[in-house]
Amino acid sequence: MRFKDEDWEKVIRKEPFASSPFHDQHKQNVLRQVEWMKTGEEHVNDAPDYKQKQHTMKRNRRTVRSRPRKVVVVTTVAVVVAAAILWNGQVLEPIVERVYPVSALQLSDDPSMNLLTSEMKQTVAMTMRDYLGKQLLITKVKHMPISGRVYLEAGSERDGEYAFIWLDAGTGDLREVEMRTEMEGSELEHRFLRQVPGLLKGINSDPTLKPISARRYVKMKQGQEKPVWFTTLFLENGKGSGSIEWTRDEAVSVSGTVSSDTVSTDLITNARSTIEALSGEPAPALKSVTFTQNDKQLEETTSLYFGDRYLIRRVGGKFSNEYTVMDFQRGVPELVTIEDHEQYIEKLLTLDEEEIRQNAAPIIQKMFGIDLDKYDFERDTNNIGMATFRLKEMDNTIQVRYEEDARITMITISDL
């Protein structure tokens with residue numbers, strides 16, 4: 001899922017523009033502006049008045065030495081300004097932050113801000129700019145003399161946008177970081193957004209899905225040289241939805257709504273029969289299909305949604321295979337007080353194993369032709385209401401979700 005940059009894109013991403021959005025239309029605008037300036041200079045050179053001035057300049061060597069320097073300076077500045085103006089049709093705002101990142105740093109009025117040296121401010125500003133994509137208000141700075149570090153907090157974890165950064169107290173270098181942010185889909189860097197149509201086409205999904213929102217998580221542990229950032233973009237239009245995940249700048253997972261024509265008739269037929277086995281009723285109409293290609297896990301997932309209630313998910317991967325049938329609209333009792341919650345959890349934890357087996361066995365037999373009596377029962381204490389039937393000899397498992405009345409609302413079979 002890698003995308004190769006053209007040579008002009010590599011050049012334009014150097015300072016001071018770096019990661020600012022810049023696409024081919026912007027490139028053509030800048031080139032036309034530069035060409036126009038060159039053409040204008042040629043016309044000036046051919047003009048009679050210009051030749052007369054050149055003759056006069058030869059009489060005065062001091063003038064000849066000084067004026068060309070001014071022309072070079074003015075031309076260089078003009079080209080840079082033209083590029084900045086034509087970038088988005090207006091003066092490029094991030095250019096100052098690219099050259100002077102500390103200028104965009106946001107510091108609160110807390111006295112602890114005085115602990116930050118100029119080197120630390122530079123490191124923090126560049127870390128937020130290059131990895132998080134925005135500057136968060138720094139609210140707390142703390143000196144940690146035993147470890148030789150300075151710790152700072154920015155943003156608010158409660159609001160979903162925060163930064164925890166550890167710096168070397170002596171050099172101001174980055175030691176550890178954990179950051180998270182959320183943004184509008186259109187605010188995501190262009191190097192990500194330009195990949196969207198091609199990645200969606202690659203899984204036969206709709207390339208016109210629009211970016212809705214994005215979130216990013218950044219982390220760096222002690223001993224690592226650079227932070228690692230994870231970006232997730234959520235997409236949607238009137239016909240479907242999807243998402244794309246990147247690790248650093250590489251797309252590792254692409255998901256999107258696809259046509260039912262891309263799914264085998266056998267899968268749809270089996271899906272209907274498993275829904276009928278779970279619910280005891282005919283399966284509703286197939287509503288939508290989502291396909292996910294995950295290069296990180298080396299697996300592909302097809303999710304079929306029937307009506308507004310049932311999900312069939314098939315996962316095929318290099319290391320394992322799974323099949324899930326789920327009632328995701330199952331009825332859960334309204335729990336108002338803490339006592340209600342405690343009683344509900346207690347019922348799930350103490351529900352008799354045999355009662356769960358009796359309800360699960362005929363469904364699993366009808367779906368997969370498996371005799372559940374050969375499987376050992378394990379209650380999942382970390383996930384209340386979940387249990388696993390395990391066949392040790394074949395190392396495959398059947399996981400079920402049950403309600404307080406022992407009704408089965410989800411079954412997942414692995415390595416079928």
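Quick caveat, the model's predicted, so the values are computed rather than measured.
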Q: Apply side-chain contact (heavy atoms from CB on, under 4.5 Å) to the pair I411 and I364, showing each step before the final yes or no.
A: CA-CA 8 Å; I411 297 175; I364 293 172; 3.9 Å; yes
Q: Using modelled atom types only, decide if a donor and an acceptor are shared between the side chain of S279 and the backbone of I275 within a distance under 3.5 Å.
A: yes
Q. Any idea which heavy atoms bring T274 and M367 closest together, and the distance?
A. O-CE, 3.1 Å
**Q.** Partner residues of R180 under the side-chain hydrogen bond (donor to acceptor under 3.5 Å, both in side chains) criterion, sequence neighbours left out
**A.** E182
(Q) Can you tell whether the side chains of D308 and K287 come within less than 4.0 Å, N to carboxylate O? (A) yes
Q. With side chains defined as the heavy atoms from C-beta onward, is the minimum distance between E245 and L233 less than 4.5 Å?
A. no
(Q) With a 4.5 Å cut-off on side-chain heavy atoms, are L348 and R379 touching? (A) no
Q) Do the charged groups of R191 and D249 touch, with an N to O distance under 4.0 Å? A) yes
Q. How about I244 and L235: do any of their side-chain heavy atoms sit closer than 4.5 Å?
A. yes
Q: Please report the closest heavy-atom contact between G172 and L167, naming both atoms and the distance.
A: O-CD2, 3.8 Å
(Q) Can a side-chain donor-acceptor contact be found between R313 and S303 if the only test is distance below 3.5 angstrom? (A) no
Q. Mind checking what makes side-chain contact (heavy atoms from CB on, under 4.5 Å) contact with T397, not counting sequence neighbours?
A. T388, R390, S414
Q.
We want to know whether Q224 and R175 form a side-chain donor-acceptor pair, criterion being a heavy-atom distance below 3.5 angstrom.
A. no
Q. Is the shortest heavy-atom distance from the side chain of N294 to the side chain of T301 under 4.5 Å?
A. no
**Q.** Basic-acidic side-chain contact under 4.0 Å: E276, R272
**A.** no
**Q.** Heavy atoms of other groups near L298 CG, more than 12 under 6.0 Å
**A.** yes
Q: Determine whether M410 and T324 make a side-chain contact, defined as any pair of heavy atoms from C-beta on separated by less than 4.5 Å.
A: yes
Q: State, to 0.1 Å, how close T127 and L174 come at their nearest heavy-atom pair, and which atoms those are.
A: OG1-CD2, 3.9 Å
Q: Give a yes or no answer on whether the side chain of N359 reaches the backbone of A406 with a donor-acceptor pair at less than 3.5 Å.
A: yes
Q. Rounded to the nearest 0.5 Å, how far does CD1 of I363 lie from CZ of R407?
A. 9.5 Å
Q | Side-chain heavy atoms of D295 within contact of Q293, under 4.5 Å | A | yes
**Q.** Residues forming a side-chain hydrogen bond (donor to acceptor under 3.5 Å, both in side chains) with Y131, sequence neighbours excluded
**A.** none
Q.
Tell me the closest heavy-atom pair linking Q297 and F319, and the distance in Å.
A. O-CD1, 4.4 Å
Q | Derivation and outcome, side-chain contact (heavy atoms from CB on, under 4.5 Å), residues Q399 and M386 | A | CA-CA 7 Å; Q399 189 179 46; M386 300 288 290; 3.4 Å; yes
(Q) Set out, in order, the CA-CA distance, both residues' side-chain angles and the distance that settles ring-ring contact (aromatic ring centres under 6.0 Å, His included) for F389 and F377, then state yes or no. (A) CA-CA 5 Å; F389 294 96; F377 178 86; 5.4 Å; yes
Q: Give the minimum heavy-atom separation between S255 and T290, together with the two atoms involved.
A: OG-CG2, 3.4 Å
Q: Say whether, by atom type as modelled, one donor and one acceptor occur between the side chain of Q106 and the main chain of Q135 under 3.5 angstrom.
A: yes
**Q.** Side-chain donor or acceptor of S205 paired with backbone N/O of T257 under 3.5 Å
**A.** yes
Q.
Looking at every heavy atom in both G317 and E299, which two are closest together, and how far apart are they?
A. CA-CB, 3.7 Å
(Q) For a salt bridge (charged side-chain N to carboxylate O under 4.0 Å, His left out) check, start with the C-alpha distance between R309 and D327, then their side-chain angles and the critical distance, and finish with the verdict. (A) CA-CA 6 Å; R309 183 161 190 164; D327 176 359; 2.9 Å; yes
Q: Determine whether the side chains of T409 and E403 contain a donor N or O and an acceptor N or O closer than 3.5 Å.
A: yes
Q | Ring centroid separation W246 to F192 under 6.0 Å | A | yes
(Q) Has N114 got a side-chain atom pairing as donor or acceptor with P111's backbone, closer than 3.5 angstrom? (A) yes
Q. Do side-chain atoms of D340 reach the backbone of Q343 as a donor and acceptor pair under 3.5 angstrom?
A. no
Q.
Run the side-chain hydrogen bond (donor to acceptor under 3.5 Å, both in side chains) test on Y151 and E153 for me, step by step, so that the C-alpha distance in whole Å, both residues' side-chain angles and the decisive distance to 0.1 Å come before the verdict.
A. CA-CA 7 Å; Y151 164 76; E153 295 180 4; 2.7 Å; yes
**Q.** T171 and D173 side chains, donor-acceptor separation under 3.5 Å
**A.** yes
Q. Between E184 and S213, is any pair of side-chain heavy atoms under 4.5 Å apart?
A. no
**Q.** W229/Y217 under ring-ring contact (aromatic ring centres under 6.0 Å, His included): CA gap, chis, key distance, verdict
**A.** CA-CA 6 Å; W229 60 100; Y217 178 68; over 10 Å; no
Q. Quick one: are T292 and V315 in side-chain contact, heavy atoms under 4.5 Å?
A. no
**Q.** N-O pairing of K140 and D110 below 4.0 Å
**A.** no
Q. Is the shortest side-chain N to carboxylate O distance from R216 to E189 below 4.0 Å?
A. yes
**Q.** Inter-residue atom distance Y162.OH - L136.CG, 0.5 Å rounding
**A.** 11.0 Å
Q. With a 4.0 Å cut-off, would you call K134 and E161 a salt bridge?
A. yes
